[in-house]
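For reference, the structure discussed in these notes is given below.
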Protein chains: 2
Amino acid sequence: MLTSQRKALILDRLRWDGQVIAKVLADELDLSEDTIRRDLREMAAEKLLKRVHGGALPLSPELPDFTARQTVSSDAKRRLGTYAAKMIQPGQTVFLDGGTTNAEIARQLPKDLAATIVTHSPTIAGELEHHPAAEVILIGGKLYKHSMVATGAAAMAMIASIRADIFFLGVTAIHPARGFSTGDFEEAAIKRHIAHCSAETYVLATGEKLDAASPYQILPMKDVSGLVVPSDIAEESLAPYRETELALLLA
Amino acid sequence: MLTSQRKALILDRLRWDGQVIAKVLADELDLSEDTIRRDLREMAAEKLLKRVHGGALPLSPELPDFTARQTVSSDAKRRLGTYAAKMIQPGQTVFLDGGTTNAEIARQLPKDLAATIVTHSPTIAGELEHHPAAEVILIGGKLYKHSMVATGAAAMAMIASIRADIFFLGVTAIHPARGFSTGDFEEAAIKRHIAHCSAETYVLATGEKLDAASPYQILPMKDVSGLVVPSDIAEESLAPYRETELALLLA
DNA sequence: CATATTCGTGCAAATTCCTGCAGGAAGCAG
DNA sequence: CTGCTTCCTGCAGGAATTTGCACGAATATG
């Protein structure tokens, strides 16, 4: 194992577990504690972590609960969310994909809107706790931790039994030629499946997602009904999309 | 547990509960009281808290606001959660019912525990986001807002395909003669269904739930394997339960 | 005032840390 | 290929930190 691999692993571990213990890691990687300690010392000097007796901690320890909860959404995302929420008519069935942008839709939803919201994200379902008028259908399955959505055969089957009027698809990248894409194969498959089970598909995207491509295509441009982008986006970056069939909506 | 983590935990606890008791903390973290006392002394020297006989208090007694208060678990609930988390063995499949007490189990689960956690509560699924070793299966269905759990035929069907080793059942009331009960018919039905699909069923209960009854029975006393209650509960209130078959576990 | 906790200090054992050093692998020039 | 340098790693041993325990003092409680 290379030093830099080890250091990357340490950072990863810090991010997920919130701690690294020298002895444990040495044991696990079958290295002497000294080596680990050396790594930790160096990384502390590079301000990548905080060295403490026995191991190391992340620099900005994400305090449990309260700091994590108050996720601040950018102004652009909130505007996208508000716009999308207004697209939803009473009585409609809406499928909300996972992701922070779609969470913003849930948050901006009028409290008295009587619509059916389907989602495979427990996070988004949680946002809808205090929307008494909304009927929420939760899609079950094996939870894919990275993006916190239910996946797998069970999820696919449950999705197949639902036909939504609108699907708000979350993507990581949009490219005029390569369509809508994301970083995980399984995730791409399930998103595609949802789109096929829905009458219309819309994508909300902040500027930095445009003209980028991720490894796995979800859908080509033509399979998406509309793209919602912040209104303050540069006109020239939109030009390639004006030539496609999809509707460009400015929020 | 690293020293600085302990200190962070103490600060956190102070902020949310408004107090820290040396003995309780020592018990909970499985450390000597001396160690805790030392921490408190050092932190008092750093002006991070106010040392008092028996424990410590925050420097500026800012009372926690209401919304915060609700997410705070009482000391008793946290102890119940910790106890239950320790009952779970690596490799087991555990079904976690909804409710704040069961959320505490999820929160207290060791980050590196490789177990399968099944739940029909999006809230609890959310708590497990940063438990990389745990496999989380989310049960889908129509979301019942009052208690935030998936219900209905879809949920029932998905549950039927799973056989858990342990089911931690959440209830609103426990009565020696009338068994375990809750306030909603549909909820009672689904909880009963889960219990029947699990090898063992355990209930975690704080004192105020004992000797109370809600309209809809979930299970009679004899169908539950064990009842976990806080250890500081009055012995006479436990007497009626000692005569039943279920195991009484003191957390 | 009597009793039970809780506190603080000194101390010993265990753990963790750091420094210096040596062996081995990789790269490179001659 | 040889010799040199550089980097990484493990190890020894002395320093520093942490932890639990014992015992007498201080503090709460009734």
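What you are looking at is a predicted structure, and each value in this text was computed from that prediction instead of being measured. Proteins come first, then strands; the chains are lettered A, B, ... in the order of their sequence lines, and each starts at number 1.
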[N] [atom2] sits how many Å from [X] [atom1], rounded?
| X | N | atom1 | atom2 | result |
| --- | --- | --- | --- | --- |
| Leu25(A) | dT16(C) | CG | C1' | 15 Å |
| Leu31(B) | dC21(D) | CG | P | 11 Å |
| Lys7(B) | dT17(D) | NZ | C1' | 11 Å |
| Glu33(A) | dT15(C) | CD | P | 10 Å |
| Leu40(A) | dT16(C) | CG | P | 13 Å |
| Glu42(B) | dT19(D) | CD | P | 9 Å |
| Leu2(B) | dT18(D) | CG | C1' | 12 Å |
| Leu29(A) | dG10(D) | CG | C1' | 15 Å |

Can you tell me if [X] touches the phosphate of [N], counting only side-chain N or O atoms and a distance under 4.0 Å to OP1 or OP2?
| X | N | answer |
| --- | --- | --- |
| Thr35(B) | dG20(D) | yes |
| Arg51(A) | dT17(D) | no |
| Arg38(B) | dT19(D) | no |

Is there a donor and acceptor pair closer than 3.5 Å between the side chain of Asp34(A) and the base of dC17(C)?
-> no
Base dG20(D) to side chain Arg37(B), donor-acceptor N/O within 3.5 Å cut-off = no
Go through dA12(D), dT9(D), dT18(D) for me and flag the one nearest to the His53(A) side chain.
-> dT18(D)
Just compare dT16(C), dG20(D), dG8(C) and give me whichever is closest to any side-chain atom of Arg41(B).
-> dG8(C)
Heavy-atom closest pair, residues [X] and [Y]:
| X | Y | value |
| --- | --- | --- |
| Lys145(A) | Leu128(B) | CE-O, 3.5 Å |
| Leu138(B) | Pro122(A) | CD2-CD, 4.0 Å |
| Ala56(B) | Leu49(B) | CB-CD1, 3.9 Å |

Thr119(B) side chain vs Gly98(B) backbone, donor-acceptor pair below 3.5 Å = no
Which is it for Thr100(B) and Lys77(B) under the side-chain hydrogen bond (donor to acceptor under 3.5 Å, both in side chains) test, yes or no, and what are the steps along the way?
-> CA-CA 8 Å; Thr100(B) 53; Lys77(B) 274 193 184 170; 2.8 Å; yes
